[in-house]
Amino acid sequence: MHAANHAITALAIKKIAPTAPLIPLLVSVQAAELLWVGFHFVGWEWSRVDSPMNSIANVHFEHMPWSHSIFAGIILALLFAALGAALWKQWTVAAALAVGAFSHVALDLLLHAPDIAVAPFLDMPKLGLGPYGSAPALAFVLEIAFGLAIWRLIGGGKWLLGLLVLFNAVGVTFYLPQLHGGEVALAGQPMQMVTFVALQIVLTLPLTYFFAPRWMRRRA
Ligand SMILES: [Zn+2]
């Protein structure tokens with residue numbers, strides 16, 4: 001899922017659990033992706049990008065069980081829950097951070113081609129409902145609908161809407177094979193794709209923080 005849509009998930013959790021601190025929530029929803037970036041740079045996980053590269057269907061997340069698997073999602077959720085319990089001493093904070101951490105792999109499961117393992121070392125079929133591989137245009141519609149639904153749910157302002165629309169729109173050529181944009185430069189260059197994803201995380205997390213409804217940025 002696009003970085004902007006993962007990031008706004010943190011605001012939905014904040015709306016439901018207002019005492020959960022926003023910055024840790026924002027980190028929790030992208031923890032899996034941050035690990036994925038790091039693990040690609042050290043070679044523990046890898047991806048392949050076809051050449052030519054026309055859409056997200058040409059990206060193959062070949063090996064990412066340490067950042068993106070059901071098992072990794074549960075471990076991350078437990079770690080974030082422990083952090084929440086230790087630092088904030090509130091089960092609602094612990095639960096909110098755990099939901100944030102697990103939301104990442106849960107949302108990716110809805111969109112990814114079957115490339116999400118159950119657990120590292122486990123020889124089982126990989127999971128993913130598939131629109132990234134089989135119907136990227138549908139994935140685009142689902143993603144933007146998801147982002148807008150959360151924007152409405154939380155009573156977001158126009159800057160947050162602008163952020164969502166802009167980042168999703170910039171990414172549109174990744175979803176529509178007929179449209180060509182920046183994605184063609186990533187053909188056969190998986191590490192450039194990883195860097196591109198890292199850049200999107202680094203931009204969308206702070207911007208989502210600053211454009212979140214004002215009350216969410218106050219200390220609970
Ligand atoms: Zn992901």
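One-based numbering, in listed order, for ligands and for the atoms of each.
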message: Strictly by ring-ring contact (aromatic ring centres under 6.0 Å, His included), give each pair with a member in residues 15-35 just once, sequence neighbours left out.
response: none
query: Do any N/O/S atoms of His104 come under 2.8 Å of the Zn ion (ligand 1)?
result: yes
statement: Answer key: the N, O or S atom of His68 nearest to the Zn ion (ligand 1) is NE2
field: Ring centroid separation Phe196 to Phe174 under 6.0 Å
entry: yes
task: Determine which of the N, O or S atoms in Asp108 is closest to the Zn ion (ligand 1) and give its atom name.
output: OD2
query: How about His112 and Phe61: are their ring centroids closer than 6.0 Å?
result: yes
field: Residues forming a salt bridge (Lys or Arg N to Asp or Glu O under 4.0 Å) with Arg217, sequence neighbours excluded
entry: none
message: If I consider every N, O or S atom in Glu33, which one ends up closest to the Zn ion (ligand 1)? I only need its name.
response: OE1
